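Data block below; observations after.
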Amino acid sequence: MVGIDTRNDHPGSKLDGPVARVEKLSTSFGSTRVVSDVSLEVSPGEIVGVIGANGSGKTTLLRTIAGLVESESGSVEIAGESARSLNSRDRAKLMAYMPQHADRHPFTAYESVLMGRYPHLGRFDLERPSDRELAWDAMRKTGTVEFANRKLETLSGGERQRVVLARVLVQQAPLLLMDEPTSSLDLHHQILTMNLVRDDVTSRQSSAIVILHDLSLAARFCDRLVLLKEGSVIAEGTPWDVLTPTHLRTGFAVEGLVEPDPVTGKPHVLLLGSEDAGGEHRVGEGRNIHLVCGAGSGRELMHQLRVAGYNVTAGVLGQGDSDAEAADRLGIEYVKSPPFSAITDEQHATHVELAAAADVVVLLPMAIGQNNLRNIEALAGVNDVIVVESPNGDDVGDYTDGLASKLRNELIERSGTLPETAVLFDLARRLSTDD
């Protein structure tokens with residue numbers, strides 16, 4: 001028998017260990033391994049987000065933990081109990097499962113919510129006044145009282161999802177298992193849903209494992225994230241640990257940047273796109289960005305800008321320069337020059353034309369000598385310039401007796417500076433206001 005009665009207390013607060021412990025869990029469908037050796041723990045008061053591309057095994061993992069799919073190997077413990085030893089009623093006392101899509105059935109919304117109390121009733125017991133009050137309270141919180149007497153099958157997908165959320169809250173299990181609880185909801189109800197989950201987990205010291213597709217929403221509400229790829233965990237930790245450009249590239253095959261949200265301070269993800277994405281899905285489509293760079297200072301930004309859909313050009317680059325090699329690989333137009341040669345009048349004029357045609361010019365922190373000084377001089381008539389901060393402070397490698405620094409500082413006085421990690425975000429903001 002389950003040693004925890006969830007009717008009148010907060011079971012999570014009584015646990016010395018994790019609410020859920022999953023060890024080396026594997027699940028296969030036929031000969032296909034869908035979940036492979038996944039281990040994780042969830043502590044009282046904690047929300048763990050499961051993220052990953054479609055087909056990465058997220059839903060199968062959640063359904064296996066819930067006991068809806070039989071595992072091939074490994075173990076699941078909930079509140080210290082082996083999940084394999086639980087009957088359906090005891091399992092429902094310990095785990096509340098919210099599917100991705102709410103079923104249609106002929107019960108009313110209120111009846112559906114009240115079903116969340118059934119695991120806590122005896123076989124022939126009727127609902128108590130306290131059970132009914134819990135149901136009404138959950139419906140008030142989820143904004144579903146207005147259709148309490150409507151049949152569930154008559155509600156929209158988002159309305160049904162909110163009813164199921166109310167039922168899950170009423171169940172008052174130590175562990176909430178939620179498969180994309182915000183997928184059918186508008187922005188207001190997405191935030192409302194995750195706030196309710198956070199409030200429930202905090203007040204009862206319960207735990208939640210939540211599958212989310214919105215990475216910024218996951219970062220805002222989850223204490224930890226687990227990134228799956230092909231059924232295996234490839235990253236786990238805080239949102240800052242998991243939501244990195246490298247993990248986005250590996251786990252989702254997309255290019256993205258991460259910066260602190262100006263309101264919450266939590267990670268905010270800007271997805272730039274992918275190499276095979278259609279133009280309509282890329283933030284920079286139809287925009288022209290010109291880079292003034294050299295000696296490798298522009299390689300990473302070139303790639304990110306192209307993936308984001310921007311049309312990218314560059315200034316004068318000498319043959320053999322690593323930025324020139326990157327531009328050649330990416331098909332980026334630039335002004336070609338022999339190695340270590342001074343910029344000619346013709347090259348300078350071409351550069352000036354490219355810079356003038358751009359929506360924004362980005363000056364990278366490159367070393368400047370007499371041979372490439374005109375790369376900065378070409379920006380004299382450009383209005384919209386982003387000057388990227390030097391990773392070495394003010395030292396940008398000036399070999400022109402201070403002239404290059406003087407020109408760069410004039411641009412900084414006019415436009416300020418940005419770290420390279422913020423350039424894509426700044427471009428997205430400033431160019432979106434021009435539409």
Side-chain angles (χ1 to χ4, degrees), residues 6-12 19 45 47 49 62-63 66 68 88-89 91-121 125-212 214 217 221-222:
T6 62
R7 287 176 298 177
N8 301 313
D9 53 28
H10 303 325
V19 173
I47 300 177
L62 207 67
R63 288 173 59 82
L68 301 174
S88 58
R89 180 176 292 272
R91 186 185 298 273
K93 288 181 181 179
L94 296 180
M95 290 184 280
Y97 176 70
M98 182 175 180
Q100 185 176 148
H101 302 291
D103 294 333
R104 296 173 181 264
H105 56 66
F107 298 102
T108 66
Y110 172 70
E111 290 169 338
S112 299
V113 174
L114 198 56
M115 288 176 185
R117 297 306 301 161
Y118 288 178
H120 306 289
L121 303 178
D125 288 347
L126 297 176
E127 302 90 355
R128 297 156 297 192
S130 60
D131 296 316
R132 290 190 287 273
E133 180 55 34
L134 283 172
W136 283 115
D137 183 57
M139 296 190 78
R140 283 190 290 269
K141 289 178 178 177
T142 55
T144 53
V145 170
E146 60 185 285
F147 36 81
N149 295 318
R150 287 177 55 186
K151 301 291 187 181
L152 200 67
E153 59 191 10
T154 69
L155 303 180
S156 69
E159 289 169 341
R160 288 198 306 274
Q161 201 164 17
R162 287 154 54 198
V163 170
V164 175
L165 172 63
R167 188 191 69 202
V168 166
L169 296 177
V170 159
Q171 199 167 329
Q172 293 194 322
L175 179 64
L176 311 182
L177 300 171
M178 315 185 81
D179 190 352
E180 296 187 47
T182 62
S183 60
S184 299
L185 304 179
D186 57 35
L187 291 176
H188 169 74
H189 286 103
Q190 287 179 21
I191 299 298
L192 173 66
T193 293
M194 293 309 300
N195 273 324
L196 288 174
V197 174
R198 168 54 67 193
D199 290 345
D200 184 80
V201 165
T202 300
S203 63
R204 294 195 302 113
Q205 283 298 285
S206 57
S207 300
I209 302 176
V210 185
I211 295 174
L212 289 167
D214 187 321
L217 198 66
F221 288 98
C222 296

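All figures in this text were calculated on a predicted structure; none of them were measured in a lab. Side-chain atoms are counted along with the backbone in the values below, which use heavy atoms only and exclude waters and symmetry mates.
- For Glu133, the salt bridge (charged side-chain N to carboxylate O under 4.0 Å, His left out) test picks out Arg140, with sequence neighbours left out.
- In this view, Asp186 and His188, His189 satisfy the side-chain contact (heavy atoms from CB on, under 4.5 Å) rule, not counting sequence neighbours.
- Taking 4.5 Å as the limit, every side-chain heavy atom of Val145 sits out of range of all side-chain heavy atoms of Tyr110.
- Leu217 places a side-chain heavy atom less than 4.5 Å from the side chain of Ile191.
- At distances below 3.5 Å, not a single donor-acceptor pair connects side-chain atoms of Arg167 with backbone N or O atoms of Ala96.
- Residues Leu62 and Tyr97 form a side-chain contact, since some pair of their non-hydrogen atoms from C-beta on lies under 4.5 Å apart.
- In this structure, the side chains of Met98 and Gln161 come closer than 4.5 Å at one or more pairs of heavy atoms.
- A heavy-atom distance below 4.5 Å is not found between the side chains of Leu176 and Gln171.
- Gln172 has its side chain within reach of Arg117: a pair of non-hydrogen atoms, C-beta onward, lies under 4.5 Å apart.
- Gln190 contributes a side-chain N or O that, together with a main-chain N or O of Leu185, makes up a donor-acceptor pair within less than 3.5 Å.
- Side-chain atoms of Asp179 and Pro99, non-hydrogen and from C-beta on, never get closer than 4.5 Å to each other.
- Taking both residues in full, the closest heavy atoms of Pro174 and Lys93 are given as CD-O, 3.2 Å, listed atom of the first, atom of the second, then distance.
- Taking 4.5 Å as the limit, some side-chain heavy atom of Phe147 sits within range of a side-chain heavy atom of Val163.
- Residues Ala135 and Val170 come closest through the heavy atom pair CA-CG2, 3.6 Å.
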Q: Would you please test Leu175 and Ile209 for side-chain contact (heavy atoms from CB on, under 4.5 Å) and show each step?
A: CA-CA 8 Å; Leu175 179 64; Ile209 302 176; 4.2 Å; yes
